[in-house]
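In what follows, every chain begins at residue 1, and chains take the letters A, B, ... in the order their sequences are listed. Hydrogens, waters and symmetry mates play no part in the numbers below; they use all other heavy atoms, side chains included.
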Amino acid sequence: TQLLEQSPQFLSIQEGENLTVYCNSSSVFSSLQWYRQEPGEGPVLLVTVVTGGEVKKLKRLTFQFGDARKDSSLHITAAQPGDTGLYLCAGAGYGGSQGNLIFGKGTKLSVKP
Amino acid sequence: GAVVSQHPSWVICKSGTSVKIECRSLDFQATTMFWYRQFPKQSLMLMATSNEGSKATYEQGVEKDKFLINHASLTLSTLTVTSAHPEDSSFYICSAPRAGGLRDTQYFGPGTRLTVL
């Protein structure tokens with residue numbers, strides 16, 4: 001069974017601070033997605049990484065896929081209150097039904113002004 | 001971008017009644033859609049895979065007779081919670097992978113909050 005360990009589970013920081021969220025597994029994933037979810041809403045896709053070692057930037061967010069495609073990280077620079085939300089990583093394995101994603105437990109981020 | 005809608009966004013029902021939730025892909029066709037359940041402060045748990053024109057595939061521990069899935073067209077999947085009980089209260093979210101894009105990238109609906117009294 002493929003599992004994604006996401007850490008930390010909770011993170012409360014001040015505006016302007018930097019933070020990193022980690023997603024780790026012993027399994028190899030064909031790709032990995034990062035989502036952000038607001039309360040009462042569905043997850044919104046932030047990025048998909050597919051190549052080992054890949055780094056993608058989305059404004060103040062930097063996403064990295066591990067060389068072995070077993071782990072990923074999300075780094076936020078100079079966090080703002082608008083970054084508050086639940087961040088989910090989700091990995092797509094090999095085989096199985098199309099698009100079957102395995103989700104991490106999520107990181108609830110709170111950025112205080 | 002891809003848009004997936006859900007209806008209703010929230011529903012309150014009495015115990016023992018059935019509730020139908022619709023999931024639509026608005027600007028693309030989806031031969032496959034996924035249904036997830038999310039309990040408070042928890043991550044998404046895949047319930048079943050909805051396949052257009054064939055039977056749904058259910059995850060282990062999900063009762064197929066209780067959670068009826070119908071994928072009637074390339075843009076619509078429905079989840080019916082039959083004989084709902086309070087423990088079925090949850091946030092139900094559907095998703096669909098968009099053809100032509102990355103196979104593993106899914107677009108999620110806004111979710112349906114079900115409360116069973």
**Student:** Spell out, yes or no, whether B:W35 and B:V11 are grouped together once hydrophobic residues are joined by side-chain heavy atoms under 4.5 Å, including indirect joins.
**Tutor:** yes
**Student:** Minimum heavy-atom separation for B:F91 to A:Q37, with atom names?
**Tutor:** CE2-NE2, 3.9 Å
**Student:** Select one option (side chain, backbone, both, neither) describing which atoms of B:Q38 are under 4.5 Å from chain A's heavy atoms.
**Tutor:** side chain
**Student:** Hydrophobic clustering (ILVMFWY, side-chain heavy atoms < 4.5 Å, transitive) - are A:L19 and A:L61 grouped together?
**Tutor:** yes
**Student:** Return the minimal non-hydrogen interatomic distance between A:F103 and B:S43, and the atom names on each side.
**Tutor:** CB-OG, 3.5 Å
**Student:** Would you say NZ of A:K108 has more than 12 non-hydrogen atoms from neighbouring residues, nucleotides or ligands within 6.0 angstrom?
**Tutor:** no
**Student:** So for A:L86, is it side chain, backbone, both, or neither that comes closer than 4.5 Å to the heavy atoms of chain B?
**Tutor:** side chain
**Student:** Which one wins on heavy-atom pair count under 4.5 Å against chain B: A:G42, A:P43, A:A90, A:G104?
**Tutor:** A:P43
**Student:** Check the surroundings of atom NE2 in B:H7: do more than 12 heavy atoms from other residues, nucleotides or ligands lie under 6.0 Å from it?
**Tutor:** no
**Student:** Can you tell me if B:Y58 has over 12 outside heavy atoms packed within less than 6.0 Å of its OH?
**Tutor:** yes
**Student:** Given a strict heavy-atom distance threshold of 4.5 Å, which part of A:Q6 is in contact with chain B: side chain, backbone, both, or neither?
**Tutor:** neither
**Student:** Between atom CD of B:Q106 and atom CG of A:L101, what is the distance when rounded to the nearest 0.5 Å?
**Tutor:** 4.0 Å
**Student:** Taking B:V4 as the starting point, is it possible to reach B:Y92 by hopping between hydrophobic residues whose side chains are less than 4.5 Å apart?
**Tutor:** no
**Student:** To the nearest 0.5 Å, what is the distance between NZ (A:K105) and CE (B:M45)?
**Tutor:** 9.0 Å
**Student:** Does any heavy atom of chain A fall under 4.5 Å from the side chain of B:L44, the backbone, both, or neither of them?
**Tutor:** both
**Student:** Spell out, yes or no, whether B:M33 and B:F28 are grouped together once hydrophobic residues are joined by side-chain heavy atoms under 4.5 Å, including indirect joins.
**Tutor:** no
